[in-house]
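Notes follow once the structure below has been shown.
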Amino acid sequence: MKTIIEPFRIKTTEPIKLRTRDERAEALKAAMNNVFLLDAEDCSIDLLTDSGTGAMSTRQWAAMMMGDESYAGSRSWKTFEKTVREITGIKHVLPTHQGRAAEAILAATLLRKGDIVPNNSHFDTTRANIEFQGAIALNLLCADGLDTEKEAHFKGNMDIDKLKTCLEEHGSEKIPFCMVTVTNNTGGGQPVSMENIRQIKQVVSAYDIPLVIDACRFAENAYFIHENEPGYGDKSLLEIAREMFSYGDAATMSCKKDGMSNIGGFLICNDDKWAEQFRNLLILREGFPTYGGLAGRDLEAIAIGLMEALEYDYQVYRHATVTYLYDRLIELGVPVVRPAGGHAVFLDAGKFLPHVPSDQYPGIGIVNSLYIEGGVRGVEIGSVMFAQKDENGDEIPSPLELVRLAFPRRVYTQSHFDYLIEIITEAWQHREQIPGYRITYQPEFLRHFTCHFEEI
Ligand SMILES: *Cc1c(COP(=O)(O)O)cnc(C)c1O
């Protein structure tokens, strides 16, 4: 059997509005050429993010009806706690409304000004929460991870030598904890090997520094380990996940990713003292420790979603959708980041539009062209999002100009992807006509969400 099918039947449908090209051009103009400002209804295939955009299963929907909405000690909480413990083996479980709330509690409790937190690559909310405490978020990604052309299995790995140097230099005084992000979202969803996680744990343990896992895509990472790391082909994804978490002293999670739910998160840890401190802040910010920021029905849906993410057939299908698009783009000669990540395909906008310089934002050119061609919404990950300013206030472009097409879980079928490939092909064939853009309005922070663009 070579054909991988979606391992589900569809019981509920949600209509997609099909706009004409003229309507899309009109909508983009009204959105000041920034797809973040479009109405979702005007997007036929929405690949803005895989966060909270997935479809729930019949079991999840059924469980929601069983949600126990008691303020304290609800049955739904017990189910949630038991499931998180079963997967992670970690003692204390604190539910939060999403991942960044877990990060905020972690950072506010443990970090002081000038502290350093190493990670393979910090996700942007993780970085923001660390920097908000006056601490430094340090990326120690391996060299392969920075090379978009190199084909390697575990490009999310941390550079162990760099970690050793960092610890030698700063020691446990300045480093309250170390993190590892699985899979590496900012680095294209590239996985981290078990060996690397084990080594990180070994290195930090010598300094008594705890390891915190950013576990948002733990199940996708477990799948990559199962497929590509020697010694893991016979293990279940649950066993692999358990081993990954066995090296962690704590973890943060966004259940909008591998929790297969539309909202939710958690913070977990083994240390009793940490747990007490986290709980105090949780009560202040999120809610009573047996519901955090969530309804009982959310806790039920997440408990099931976490286990569904670990089903092997689901991960085979999930990965097949990503590689299906990826392989065809390679065949067409469209420049993409190699290899395919866990949750997204990245177009290399710099190579796609060599005639558009960084300061005219080639990523925006492609994103807008995909929208006009076919109502596809992707996102620029390049100089609009990440440019720095030099001392004269001039922009230093981002080292990479990318467009991310992120895959919602269990939402789109193969024909949607065939359509997507057609739209990208169309853009690729007319790439010389795709213009650059200039920014006509921008806010002070996080400009990509709300800035306005004008075609050059
Ligand atoms: C999404 C994400 C977060 C933050 O979670 P939210 O639920 O969006 O707050 C943190 N880390 C990584 C790696 C993520 O992908």
Side-chain angles (χ1 to χ4, degrees), residues 36 47-54 84 94-108 117-132 137-141 145 155-158 177-192 197 200 211-222 224 241 244-245 248 250-268 282 285-286 292-295 298-299 301-302 305-306 309 318 322 341-344 346 379 381 385-386 402 404-409 446 448-449:
F36 275 104
L47 306 179
L48 195 65
T49 174
D50 68 321
S51 180
T53 52
V84 174
L94 293 88
T96 60
H97 80 279
Q98 60 182 89
R100 69 197 67 186
E103 294 167 349
I105 292 170
L106 176 79
V117 182
N119 199 334
N120 45 349
S121 301
H122 289 275
F123 181 64
D124 49 12
T125 60
T126 322
R127 170 177 295 279
N129 272 302
I130 290 168
E131 291 177 352
F132 191 67
L138 192 64
N139 287 350
L140 302 178
L141 189 63
K155 290 172 73 173
N157 281 355
M158 192 182 284
F177 58 90
C178 172
M179 293 186 82
V180 60
T181 305
V182 298
T183 57
N184 180 22
N185 185 357
T186 347
Q190 300 294 332
V192 181
I197 302 173
I200 296 168
L211 178 61
V212 180
I213 300 177
D214 180 337
C216 296
R217 295 180 184 78
F218 75 98
E220 286 171 10
N221 202 78
F224 280 108
M244 282 162 48
F245 283 108
T252 55
M253 174 73 190
S254 168
C255 298
K256 302 173 74 169
K257 297 16 176 305
D258 280 349
M260 309 283 273
S261 298
N262 304 114
I263 196 72
F266 57 75
L267 173 60
I268 55 178
L282 183 82
R285 290 195 176 170
E286 294 284 288
L294 297 168
D298 298 325
L299 296 167
I302 293 164
L306 290 166
R318 168 90 174 141
V322 180
H343 66 287
F346 290 72
V379 62
I381 310 252
M385 207 179 258
F386 289 129
L402 304 177
R404 186 184 73 184
L405 305 169
F407 289 39
R409 293 169 179 77
L446 296 171
H448 56 283
F449 290 124

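Whatever order the structure lists them in is the order used to number ligands and atoms, beginning at 1.
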Check each N or O atom of ligand 1 against all protein N or O atoms and list the pairs under 3.5 Å, with atom names and distances to 0.1 Å, one per line.
residue: ligand 1; atom: 7 (O); partner: Gln98; partner atom: NE2; Å: 3.4
residue: ligand 1; atom: 7 (O); partner: Gly99; partner atom: N; Å: 2.9
residue: ligand 1; atom: 7 (O); partner: Ser254; partner atom: OG; Å: 2.7
residue: ligand 1; atom: 8 (O); partner: Gln98; partner atom: NE2; Å: 3.3
residue: ligand 1; atom: 8 (O); partner: Arg100; partner atom: NH2; Å: 3.0
residue: ligand 1; atom: 9 (O); partner: Gln98; partner atom: NE2; Å: 2.9
residue: ligand 1; atom: 9 (O); partner: Gly99; partner atom: N; Å: 3.3
residue: ligand 1; atom: 9 (O); partner: Arg100; partner atom: N; Å: 2.8
residue: ligand 1; atom: 9 (O); partner: Arg100; partner atom: NE; Å: 2.7
residue: ligand 1; atom: 11 (N); partner: Asp214; partner atom: OD1; Å: 3.4
residue: ligand 1; atom: 11 (N); partner: Asp214; partner atom: OD2; Å: 2.8
residue: ligand 1; atom: 15 (O); partner: Asn185; partner atom: ND2; Å: 2.8
residue: ligand 1; atom: 15 (O); partner: Arg217; partner atom: NH1; Å: 2.8
residue: ligand 1; atom: 15 (O); partner: Lys257; partner atom: NZ; Å: 2.8

Next item on the list: Starting at CG of Asn119, measure out to CE of Met158 and round the result to the nearest 0.5 Å.
Entry: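 Spacing of CG (Asn119) from CE (Met158) equals 5.5 Å.
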Notebook entry, point to check: Short question: side chain of Arg404, backbone of Leu48 - any donor-acceptor pair under 3.5 Å?
Noted result: yes
Check: Is Arg409 salt-bridged to Asp50, going by a charged N under 4.0 Å from an acidic O?
Finding: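 Yes, this pair counts.
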Notebook entry, point to check: Which atom names give the shortest non-hydrogen contact between Ala406 and Ala344, and what distance separates them?
Noted result: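 For Ala406 versus Ala344, the nearest heavy atoms are CA-CB, 3.8 Å.
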Item checked: Residues His343 and Asn185: side-chain donor-acceptor under 3.5 angstrom ->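 The criterion, which ignores hydrogens and geometry beyond distance, is satisfied for Asn185 and His343.
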Next item on the list: Taking the side chain as every heavy atom from C-beta outward, state whether Met179 and Thr252 have any atom pair closer than 4.5 Å.
Entry: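 The answer is yes, as the side chains (C-beta and beyond) meet within the 4.5 Å cut-off.
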